[in-house]
Amino acid sequence: MTTDPDTLRTDWTARIAEAGDASALEALRVAALGKAGEVTALLKTMGSLSPEERQERGPKIHALREAVSGAIFAKKDQLNSAELDRRLATERVDLSLPSRETPRGSVHPVNQVMDELTEIFADLGFAVAEGPEIEDDWHNFTALNIPETHPARAMHDTFYVAGSGDPMVLRTHTSPVQIRTMQSQPPPIRIIAPGRVYRSDSDATHTPMFHQIEGLVIDKGIHMGHLKWTLETFLKAFFERDDIVLRLRPSYFPFTEPSAEVDVGWSIEKGRRVVGGSEGWMEVLGSGMVHPRVIAACGLDPDEWQGFAFGTGVDRLAMLKYGMDDLRAFFDGDLRWMKHYGFRFLDVPTLSGGVGA
Ligand code: DAH
């Protein structure tokens, strides 16, 4: 083993430069500068040197110690900053919010259309009312002038809920919310009631659960003209077109008298059938003047209070506006469908900004 300070200096600085990590570097430090280290041992020999030797070797030995501890210090610094770079590269934390460009999830067209409807009717002074989805027979049928023997009960393909006590059903329409509203607040009344409804039916345009929206106005001196204006204003805002043409066709609903089915005119644009114009007609709503018997069933005097009501399918409105053709896909939960037809969650419909997305 050499004791030549210059050779040792070259040796140690080379080994230090090659140290791969902090613990290898520490082992080198102990081996060179520790109590029993090689450089320390050399320093200890200084006392036994002759004055001439000390003059010659002394500066070299000190220079060796300076060089080794300097090299260790510099290497430590280099290893530390390499470690910091590695951590910065691998331990990245993204503190930014999901931006408009990277939305997670999307709003279902049914929710979007319900928000659009709520916005439109809120602007006309309508409040939103709700009722239970498991409804009693009286609110779903009897109070709406559909007595037990009425064929309309069979027409609704009702799901009955088993149990003792009053017969319960999954509500077949949102019309029972009319009854609950008239029972719970004094007129004048202006409400819409969007929500889920249930019927035992399934094909491309029917699913066992679907969505309706009900409208109800109860006040004094209300007539069909108010009904027609309201529906026209609503459909123009919803489809965002001024050329919306309505046709009221005499019809029958047990809870309205007179009753009208409302058709909207369509036309062909770029090979697609769109709402607007009047090349043909399609039915979009049921409506009429609230039957005096329904008003009386809620404890109001039908000679004093009149009103109109309407009901329509929310899913169907979504299909017409946004161009889907299979209702079943609405409820399949297929993410590819949602990606295509879903809405960005920041696209909140407002009348000022346009209710359409
Ligand atoms: N409840 C009806 C249905 O489910 C829709 C409806 C028609 C509601 C006429 C109304 C109305 O309020 O006046 O088919």
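Read the numbers this way: they start at 1 and go in the same order the structure lists the ligands and their atoms.
- Below 30°, between 30° and 60°, or above 60°: for Tyr252 and His150 the angle between ring planes is below 30°, a parallel geometry.
- In this model, a donor atom of one side chain and an acceptor atom of the other lie less than 3.5 Å apart for Asp136 and His139.
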Could you tabulate the donor-acceptor pairs under 3.5 Å formed by side-chain atoms of residues 269-284, not counting sequence neighbours?
from, atom 1, to, atom 2, distance (Å)
Glu269, OE2, Arg241, NH1, 3.2
Glu269, OE2, Arg241, NH2, 3.0
Glu279, OE2, Ile268, N, 3.4

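- Listed by chain and residue number, the protein contacts of ligand 1 are His173, Ser175, Gln178, Arg199, Gln212, Glu214, Phe253, Phe255, Thr256, Gly286, Ser287, Gly288, Ala309, Phe310, Gly311 (heavy atom within 4.0 angstrom).
- Applying the ring-ring contact (aromatic ring centres under 6.0 Å, His included) test to residues at least two apart or on different chains, the pairs with a partner in residues 192-229 are His211-Phe331, His223-His226.
- In this view, Lys60 and Asp6, Glu56 satisfy the salt bridge (Lys or Arg N to Asp or Glu O under 4.0 Å) rule, not counting sequence neighbours.
- When ring centroids are compared, Tyr322 and Phe343 come within the 6.0 Å threshold.
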